[in-house]
Amino acid sequence: MDSIWRWLQPRALPLTAQVLTFTALFIPIIANMSSALVFFGVCASLSAIAAKPATLAFHARSLTLSLERHQDAARISIASLVAVSLSGGIVAMIIAATGATTSERWKYALAWASAYLLIQGLYLLEIATITRLSLYATYGRARMIYAVCSLLTTSAAAAFWRADISLVIASMTSLAVACAYIEFSTHSGTLVQAYRARVESQWAKRYIRESAPVGISSAISDASAQGLSLALPFMGSVAGFWAASLRVIDGMGTVGQQVLAPTYEMELAKELRAGGHRSNLLIARQLAAGLTLGALLVPLFVASLLIGGLMPWNSQPLLVVCVAVMGVTTLSMSVAIKAPIMLGQERFFFWWSTTRLACVAGSFLFWREVDLAFALAITSSTWALLFAIGAAMGARKLTRSSPTNAYPTEIERLEQWPVADMGHEPLQTEDVRD
């Protein structure tokens, strides 16, 4: 019992924050804000796909860099994020000015998506920075601040302002407040890191060249995940069952990525910076945590479908089993989703993401309704297992090749770039108040 309490105690605040975030998600549904939900869904989906390539995969690439190089990467990633967001805004203004779309509702959707990308991208950078600095208590408080703000702003939007852009502005406000808290509470947030940086041009070019493909791979992976939701119009009689299943799986996946993963990522990042000789054990722990979460999913999955009257057990029992297996295997990835990038498995992650998207897209071409659900469930389960196998093999290879604390990854090659005469100032760790 004591061990359970010790495990739960540092995670209590993020778990509570997740409960509040879930509550905020249901407010616009209860308030029947369908139009605002659709507009927010489009903007958030575009931003989610673009965020990681726009920030040059900083969310994972930066975790194993030295403190000085982390500052350099922060500055480069912020510049990239601002450039991509401004480019999206300019394209949006051109579309609106030329009348490329006649819909008043969607005329400025890309502009709002670009603004949302800027805030969401900065939030990703801030979370990566406090993960890199192992400030888990700060992470928990930031998540709680975001959750409370999200609950308040969403409630205000539902009560007083039901316009299409209301939920977008509510979410942007919550993300901005969380970012401000991280910056002012630690004095070592991403903006501070970027300000301290003295970037050497050759290193910057190399970092961009090696990080851009990783960001694209992450975008491809996110796009294939979005494809499961895009299949809903083609699901026919099992659309309700599929939508409810995704809702439960996505909710548990968020717990894995937002609550459980950061502590494991902090530990893995420290190990990789020290040489990575225990990385196979740490990856195994991440996958085991994901599988445990998946095991907890099954009763919640069954209960939610029975309560909602959406369980097609009599007509499609095999489909129920396949989707349950999809949930368990998908959640096994949730805690270790950054592992391949952190381990330097950029090529593996690229081919895994690309083939996964190709199979998801191919399913739309050949199947409909129940057959499409089977195809997507089997594809998701298969590629989740391939992910686990690839991450485990990468960690084992790294462990074998690092008996003297030297790990041969893409990140290490960046670390070995000459740092003489770079003008770096040492990180002022005394400013980190946690």
Side-chain angles (χ1 to χ4, degrees), residues 38 41-42 44-46 48-49 52 217-257 287 290-291 293-298 300-302 304-306 308-337 340 348-391:
V38 171
V42 171
S45 295
L46 291 173
I49 294 172
K52 290 169 185 175
S217 299
S218 298
I220 293 172
S221 178
D222 291 339
S224 60
Q226 296 289 335
L228 301 181
S229 297
L230 295 175
L232 282 169
F234 308 101
M235 287 293 184
S237 59
V238 294
F241 163 72
W242 186 257
S245 301
L246 291 183
R247 186 74 173 176
V248 176
I249 294 171
D250 289 347
M252 294 292 283
T254 303
V255 173
Q257 292 182 31
L287 294 173
L291 283 173
L293 191 64
L296 295 175
L297 164 78
V298 175
L300 181 62
F301 171 76
V302 173
S304 61
L305 292 175
L306 287 174
L310 297 170
M311 174 72 82
W313 184 255
N314 293 328
S315 58
Q316 298 292 341
L318 186 58
L319 179 60
V320 175
V321 174
C322 284
V323 173
V325 172
M326 178 186 77
V328 174
T329 53
T330 299
L331 289 177
S332 71
M333 298 190 304
S334 63
V335 181
I337 194 64
F348 163 75
F349 188 63
F350 173 77
W351 288 112
W352 178 83
S353 302
T354 304
T355 53
R356 181 190 182 200
L357 179 60
C359 289
V360 169
S363 299
F364 283 85
L365 297 177
F366 298 106
W367 291 287
R368 289 292 183 272
E369 299 192 7
V370 176
D371 291 337
L372 177 59
F374 271 114
L376 291 176
I378 293 172
T379 296
S380 297
S381 299
T382 302
W383 260 255
L385 291 174
L386 291 175
F387 178 93
I389 293 171

*Does Leu46 have any side-chain contact (heavy atoms from CB on, under 4.5 Å) partners at least two apart in sequence or in another chain, and if so, which?*
Val42, Ala113
*How about Trp351 and Ser217: does a side-chain donor come under 3.5 Å of a side-chain acceptor?*
no
*Under 3.5 Å, side chain of Thr329 to main-chain N/O of Met326, donor-acceptor pair present?*
yes
_Check: Ser221/Arg356 side-chain N/O donor and acceptor closer than 3.5 Å_ = yes
*Residues in side chain to side chain donor-acceptor pair (under 3.5 Å) with Trp352, at least two apart?*
none
*For the residue pair Cys359 and Trp383, what are the closest heavy atoms and their distance?*
SG-CH2, 3.4 Å
_Just to verify, what does Thr382 make a side-chain contact (heavy atoms from CB on, under 4.5 Å) with, not counting sequence neighbours?_
Ile378, Leu386
_Exercise: identify the closest heavy-atom pair between Ala373 and Trp242_ = O-CZ3, 3.7 Å
*Which residues satisfy the side chain to side chain donor-acceptor pair (under 3.5 Å) test with Ser332, sequence neighbours excluded?*
none
*Which pair of non-hydrogen atoms, one from Ser363 and one from Thr379, has the smallest distance, and what is that distance?*
OG-OG1, 4.2 Å
*Which atom of Phe364 lies closest to which atom of Gly227, heavy atoms considered*: CZ-O, 3.3 Å
*asked:* Enumerate the salt bridge (charged side-chain N to carboxylate O under 4.0 Å, His left out) contacts for residues 221-230, please, sequence neighbours excluded, ordered by first and then second residue.
replied: Lys52-Asp222
*Measure across Leu372 and Phe234 and return the closest heavy-atom pair with its distance rounded to 0.1 Å.*
CD2-CB, 3.7 Å
*Nearest-0.5 Å distance that lies between atom OG in Ser218 and atom CD1 in Ile49*: 12.5 Å
_Let me confirm one number: the OG1-CE distance from Thr330 to Met333, rounded to the nearest 0.5 Å._
5.0 Å
*State which residues pass side-chain contact (heavy atoms from CB on, under 4.5 Å) with Leu287; sequence neighbours excluded, sorted by chain then number.*
Ile283, Ala336, Ala388
*Parallel, tilted or perpendicular for Phe387 and Phe348, by the 30°/60° rule?*
tilted
*For Ser334, which residues count as a side-chain contact (heavy atoms from CB on, under 4.5 Å) partner, sequence neighbours excluded?*
Gln257, Leu293, Leu331
*asked:* Just verifying a value: how many Å separate Leu376 CG and Leu246 CG, rounded to the nearest 0.5 Å?
replied: 9.0 Å
*Please report the shortest heavy-atom distance between Val328 and Gly294, naming the atom on each side.*
CG2-O, 3.5 Å
